[in-house]
Number of protein chains: 2
Amino acid sequence: MPELLSRRELNKAATRQAITDAALTLLRARGPGNFTVEDIAESAGVSRRTFFNYFSSTEAALASMTHGFLDNALQQFRRRPTDEPILESARAALMQLADPMTVAPLAELFTFTQDNAVLSRSELEAWDHCTEEIITAARERFAGTPGAVVDELYLRALAGSVISCGKAAMDVWFARCGADLSPASLAVLRQLLIDAMGHLGSGFGSPVPAASPSATSTTATTHLNKERL
Amino acid sequence: MPELLSRRELNKAATRQAITDAALTLLRARGPGNFTVEDIAESAGVSRRTFFNYFSSTEAALASMTHGFLDNALQQFRRRPTDEPILESARAALMQLADPMTVAPLAELFTFTQDNAVLSRSELEAWDHCTEEIITAARERFAGTPGAVVDELYLRALAGSVISCGKAAMDVWFARCGADLSPASLAVLRQLLIDAMGHLGSGFGSPVPAASPSATSTTATTHLNKERL
DNA sequence: CATTAAATTACACTACGTGCAAGTTTGCAC
DNA sequence: GTGCAAACTTGCACGTAGTGTAATTTAATG
């Protein structure tokens, strides 16, 4: 009975999971900054030292969720057809994120990140890490078409902007809907992502998104105009 | 003889300066991570405790330079005419950064930031902080025209993208020219900033920038195509 | 079962960041 | 100047973060 994962790997995965679970539980119970690495380790049933064998800090443990979230987006991007306009690929990839299972952990993290400097710092790092990976993915994509010379500036400016738009959409969404994961709320997020990418695709010509076939766009945007962030 | 700054404020400014100077000197001498807060304090002639009265960490002390750099850009943005297209204002503001005095400290920091996780982390924070301030500035700008409703998504997506483009230009510039501050090198940076904003303004339609009146654009971009970052 | 490699653990040590209670300097009024 | 109050600096102590190391436990292999 040759299992796919050895017992070693299973144990490691379990330990890792136990640590992140414990961290999240403590975050929920006591709020950010009100618990130590030792608390997490004890709660996870491992030693303090073992914690550091898995994560370099409390924030890193929590940010692993954001990484999972963003890795998902990256995966979506990579499996888009190569001949598709790159902005459309990005849009499609971001769209997959407006999924209950996917955003749930991130939405909860947002609740605590809002008023905590240390946490938002590692969130920033996660988004930046994702940007670098998108740059790599996009570079490979363009390199695929033979003879084409890849413009690093174009790549980096594009990837950074796409991520910024995704981030902007999530920020506005969270300010608007909080951690609400209802279908209606997710529809808002989806529309925000579409609108943000629309702005990007049209060169931010006007605050009012260009007339699109979908009537929902204008409506959703109008609602959000009243928002204070 | 009523001085503009009281002795107290002068002393504080001097202490602050002494600390950042000491930090930079040590960074140059020993490289990132190879000196402690105590080293900086001693070198600046203050106590360890006083250091923490000014900065919350070594990185914060070094990042104060980046903050100065970005605050400069923000100032430039704010003093642009209100009726100017916002992307043009952003372009003009970024352009001011390609100035020897202004980029010098940042360029040097880049040298160390490249291969150091802790440093780049606080750099990220500085850029993010600047993004938030641009959002505020842009919001006030739009709120100036009465009756206009401000679209938070547009604001945040735009500000984030502009900053990303500025960052992309600086990254490529540094990869291309290192810490070179010669007129030729700065001209490259200026052109990169223009090109990046050009990509943004045209919705990233094509890796090759739209035909522009300036012939330099295409040339500079072509050179950079060979770049590996 | 024995051997080997990997993972966990305890321990020690340096450095970080902060609260607190001194001491010192500056500003201001008299 | 003298005195006083507020601001700034300093030393000390304390808890926590993160890392090196060596010993111990656990899993895989033959």
Side-chain angles (χ1 to χ4, degrees), chain A residues 1-23 26-27 29-64 115-122 125, chain B residues 1-23 26-27 29-64 115-122 125:
Chain A
M1 180 180 170
E3 313 180 25
L4 283 81
L5 285 319
S6 71
R7 175 162 234 126
R8 278 231 162 91
E9 305 180 58
L10 285 175
N11 284 344
K12 284 188 71 171
T15 304
R16 193 181 185 82
Q17 186 71 37
I19 291 176
T20 55
D21 285 354
L26 281 167
L27 182 66
R30 304 190 195 171
N34 298 328
F35 56 97
T36 71
V37 169
E38 192 151 19
D39 293 331
I40 302 175
E42 186 188 9
S43 171
V46 297
S47 73
R48 199 179 82 94
R49 194 59 182 86
T50 296
F51 173 93
F52 283 112
N53 285 343
Y54 283 85
F55 300 101
S56 61
S57 68
T58 306
E59 296 76 43
L62 292 170
S64 71
D115 44 24
N116 186 267
V118 191
L119 262 188
S120 45
R121 171 180 285 203
S122 43
E125 217 174 348
Chain B
M1 183 178 170
E3 312 181 26
L4 284 81
L5 285 318
S6 73
R7 177 164 232 123
R8 275 231 164 90
E9 304 179 61
L10 286 175
N11 284 343
K12 283 188 70 171
T15 304
R16 193 181 184 82
Q17 185 72 36
I19 292 177
T20 55
D21 284 355
L26 281 167
L27 181 66
R30 305 192 194 170
N34 297 330
F35 57 97
T36 73
V37 169
E38 194 151 17
D39 294 330
I40 301 176
E42 186 187 9
S43 171
V46 296
S47 73
R48 200 179 79 97
R49 193 61 182 83
T50 296
F51 173 92
F52 283 113
N53 285 343
Y54 283 85
F55 301 101
S56 61
S57 68
T58 305
E59 295 75 44
L62 292 170
S64 71
D115 44 24
N116 185 267
V118 192
L119 262 188
S120 48
R121 171 180 285 202
S122 42
E125 218 174 349

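Lettering follows sequence order; numbering is per chain, from 1. Since we're looking at a predicted model, the values are computed, not measured.
Listed nucleotides C:dT8, D:dT9, D:dA13 differ in distance to A:T50; the shortest reach to its side chain belongs to C:dT8.
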Completion exercise
Under a 4.0 Å heavy-atom criterion, the protein footprint on nucleotides 20-30 of chain C, written with B, S and -, is B----BBS---

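Along DNA chain C, the nucleotide nearest to B:V37 and the one nearest to A:V46 differ in position, and the one closer to the 5' end is contacted by A:V46.
Distance alone, capped at 3.5 Å, places no donor-acceptor pair between the A:S122 side chain and the A:E125 backbone.
Between the side chains of B:N53 and B:R49, a donor-acceptor pair is found at a separation under 3.5 Å.
In this structure, CZ of A:F51 is placed 11 Å from P of D:dT19, rounded to the nearest angstrom. When the P atom of C:dT9 is taken as reference, atom CD of A:E38 falls 13 Å away, rounded to whole Å. To the nearest angstrom, P of D:dT19 lies 17 Å from OH of A:Y54. Residue A:F55 contributes atom CZ, which lies 18 Å from atom C1' of D:dT19 at whole-angstrom precision. Taking atom CZ of A:R48 as the reference point, atom C1' of D:dT21 lies 15 Å away to the nearest angstrom. Distance, B:N34 CG to D:dT19 P: 14 Å, rounded to whole Å. Going from atom NZ of A:K12 over to atom P of D:dT26 covers 17 Å, rounded to whole Å. Rounding to whole angstrom units, CZ of residue B:F52 and C1' of D:dC14 are separated by 14 Å.
Taking only side-chain nitrogens and oxygens, A:T15 never comes nearer than 4.0 Å to OP1 or OP2 of C:dA7.
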Problem - Chi angles and distances behind the side-chain contact (heavy atoms from CB on, under 4.5 Å) call for B:F35, B:T58 - result: CA-CA 9 Å; B:F35 57 97; B:T58 305; 3.8 Å; yes

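The two residues A:S64 and A:F55 make their nearest non-hydrogen contact at CB-CE2, 4.0 Å.
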